[in-house]
Amino acid sequence: MKKLINAPDNLVADALLGLAEATTELQIDHKNRIIYRAEPKQKGKVALISGGGSGHEPLHGGYVGLGMLDAACAGEVFTSPTPDQMLAATKQVDTAAGVLYIVKNYTGDIMNFEMAAELATSETGINVLSVVTNDDVAVQDSLYTAGRRGVGVTVLLEKIVGAAAEEGQDLSTLSTLARDINNNGRSMGIALTSCTVPAVGKPTFDLPDNEMEIGIGIHGEPGRHRLPLGTAREIAEQLVEPILADFNFTSRPVIVMLNGMGASPLIELYLMYGEVAKILKRSGINVARNLIGNYITALDMAGCSVTLLSVDDQMIKLWDAPVKTLGLRWGI
Amino acid sequence: MTSKTISLNQLVAWLNKFSELVSAQCNYLTDLDAAIGDADHGTNMVRGMTAVMNAITAAPPSTIGDLFKVVGMTLVSTVGGASGPLYGTFFLRMGVTSGAVSELNGAQLLMALNAGMEGVVARGKPLANDKTLFDALAPALHAFAISLNSCHSLSDAALAAQTAAAVGRDATASLIARKGRASYLGERSIGHIDPGSASTALLFEAFAEVFSGE
């Protein structure tokens with residue numbers, strides 16, 4: 001294992017120290033591992049909290065700031081944060097308008113956020129609602145598994161709902177919007193290599209040089225199948241086809257995210273976007289906006305994911321609204 | 001049913017033994033998790049139980065209710081993942097049911113353990129054979145109850161619980177995971193022991209070590 005770390009156990013804490021040095025726009029609670037906006041949101045506006053295991057950066061800490069999240073709770077690498085972190089964040093960011101938790105669908109995240117919401121309600125009376133993202137079409141037997149995983153749509157949701165919260169929309173409206181976004185988005189990923197969790201020190205799975213894993217999750221969970229390594233054009237088909245088979249994206253414009261898993265260079269991501277865009281055009285899908293880069297990663301995994309979100313005019317307007325975070329920044 | 005009582009110190013000894021066992025078996029638990037999960041169950045449980053023993057040592061609880069409450073809260077706040085809320089809820093519910101007492105009899109301990117299991121069910125909604133820690137926990141408590149109710153000694157009941165937990169753990173190998181990260185593997189999860197059931201088996205191994213001979 002070759003990594004830019006001091007010690008595996010200190011990775012998350014040391015990264016938060018670096019983040020604190022890097023910007024004055026964030027305020028870090030190192031003890032509770034919470035990333036806040038340095039300049040809190042105005043009173044009376046709903047606050048957004050997300051969080052999850054570390055290793056997906058810029059998700060979620062990189063999305064704290066004007067127009068997106070109010071706080072992000074960082075867990076250990078690939079391990080959900082704990083309810084006391086979410087509770088502390090909830091108390092800190094609530095402006096008396098309530099708090100929306102954005103939770104990716106993983107067993108641990110669900111349980112920890114659920115406990116946090118129970119504690120927040122019983123201890124503080126703060127009005128908390130949760131929305132769960134589960135957009136990964138790679139998971140087929142949802143009935144017999146923990147269900148579809150929350151992946152790429154989480155990024156788009158945090159942006160759009162964050163902008164709506166900034167406008168002053170109330171908690172139940174935001175919760176409905178968030179559910180609507182999740183229901184209208186689908187993702188699919190592919191891995192060229194495994195990631196290596198620092199505390200483990202060796203690759204999570206073994207993937208030979210001439211093979212790829214189609215339908216990979218953002219923690220190295222196995223995908224639908226393993227195939228001989230294909231060309232970018234073939235891989236684009238493998239990613240887009242199951243998404244289009246799962247949801248009709250021809251009726252409204254879409255936002256497309258071509259996301260890198262962490263170790264694939266941008267030049268490959270641009271190339272992949274071109275292949276994906278070709279398929280979408282051929283399929284009669286109207287791309288309203290796109291996002292290309294590393295937005296929800298899996299440590300040092302090579303590969304990418306495609307996310308499509310079917311949007312209305314209101315969502316596009318919220319997408320275009322100003323955002324000022326480390327990960328997304330425009331209109332300011 | 002046995003009239004033997006269990007002291008707060010014995011319960012601390014149980015937790016201490018559990019902490020020792022997860023530390024000793026850290027790599028084993030992590031390897032099980034690497035096969036069908038995310039390779040952190042050992043390190044997460046060691047972190048949690050080390051924090052538990054530190055908390056108990058720093059401020060020794062005066063009642064059994066307080067003891068289990070501290071254990072539960074510490075696990076919830078240090079373990080993370082799914083194991084934190086599951087083990088945490090287990091001990092929190094045990095604490096509520098035990099109450100502000102300094103000793104429990106066998107029946108009261110069984111009641112507390114059952115309340116803990118109900119907490120696990122409420123939190124994770126496991127069914128039997130979902131390939132989770134519930135598949136070691138439920139048989140262990142069932143065996144413990146049957147043994148106690150047949151007027152066996154606490155020692156015999158604890159050994160019965162240990163055996164049942166181990167059998168339950170081993171039986172998870174042939175199951176398809178239906179909960180947690182392992183469920184994404186589908187049939188590929190067959191042939192591997194569930195790491196949560198393995199740590200729960202350690203909990204009852206510690207239980208038997210402390211209470212056998214009682």
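Since we're looking at a predicted model, the values are computed, not measured. Here is the naming used below: chain letters follow the sequence lines, and residue numbers restart at 1 for every chain.
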> Counting heavy-atom pairs under 4.5 Å to chain B, which of A:S80, A:G75, A:P81 comes out on top?
Replying inline: A:S80
>> To check you understand the geometry: which heavy-atom pair defines the closest contact between A:F78 and B:R181, and what is its length?
In response: O-NH1, 3.3 Å
>> Quick check on A:N32 against chain B: is it the side chain, the backbone, both or neither that has a heavy atom closer than 4.5 Å?
In response: neither
>> Can you tell me if A:K202 has over 12 outside heavy atoms packed within less than 6.0 Å of its NZ?
In response: no
> For the residue pair A:A146 and B:S183, what are the closest heavy atoms and their distance?
Replying inline: N-OG, 2.9 Å
> A:D84 versus chain B, heavy atoms under 4.5 Å apart: side chain, backbone, both or neither?
Replying inline: side chain
> By a 4.5 Å heavy-atom criterion (distance strictly below it), what part of B:A177 contacts chain A: side chain, backbone, both, or neither?
Replying inline: backbone
> Of all the residues in residues 40-61 of chain B, which have a heavy atom that comes within less than 4.5 Å of a heavy atom in chain A?
Replying inline: B:D40, B:N44, B:R47
>> Strictly less than 4.5 Å between heavy atoms, which residues of residues 66-88 of chain B line up against chain A? Please order them by number.
In response: B:V76, B:S77, B:T78, B:V79, B:G80, B:G81, B:A82, B:P85, B:L86
> Between NE2 of A:H219 and OH of B:Y184, what distance do you get to the nearest 0.5 Å?
Replying inline: 9.0 Å
>> Determine whether B:T89 and A:M115 satisfy the following criterion, side-chain contact (heavy atoms from CB on, under 4.5 Å), listing intermediate values before the conclusion.
In response: CA-CA 9 Å; B:T89 303; A:M115 286 190 91; 3.6 Å; yes
> What part of B:K125 is in contact with chain A, defined as an atom under 4.5 angstrom from a non-hydrogen atom: side chain, backbone, both or neither?
Replying inline: side chain
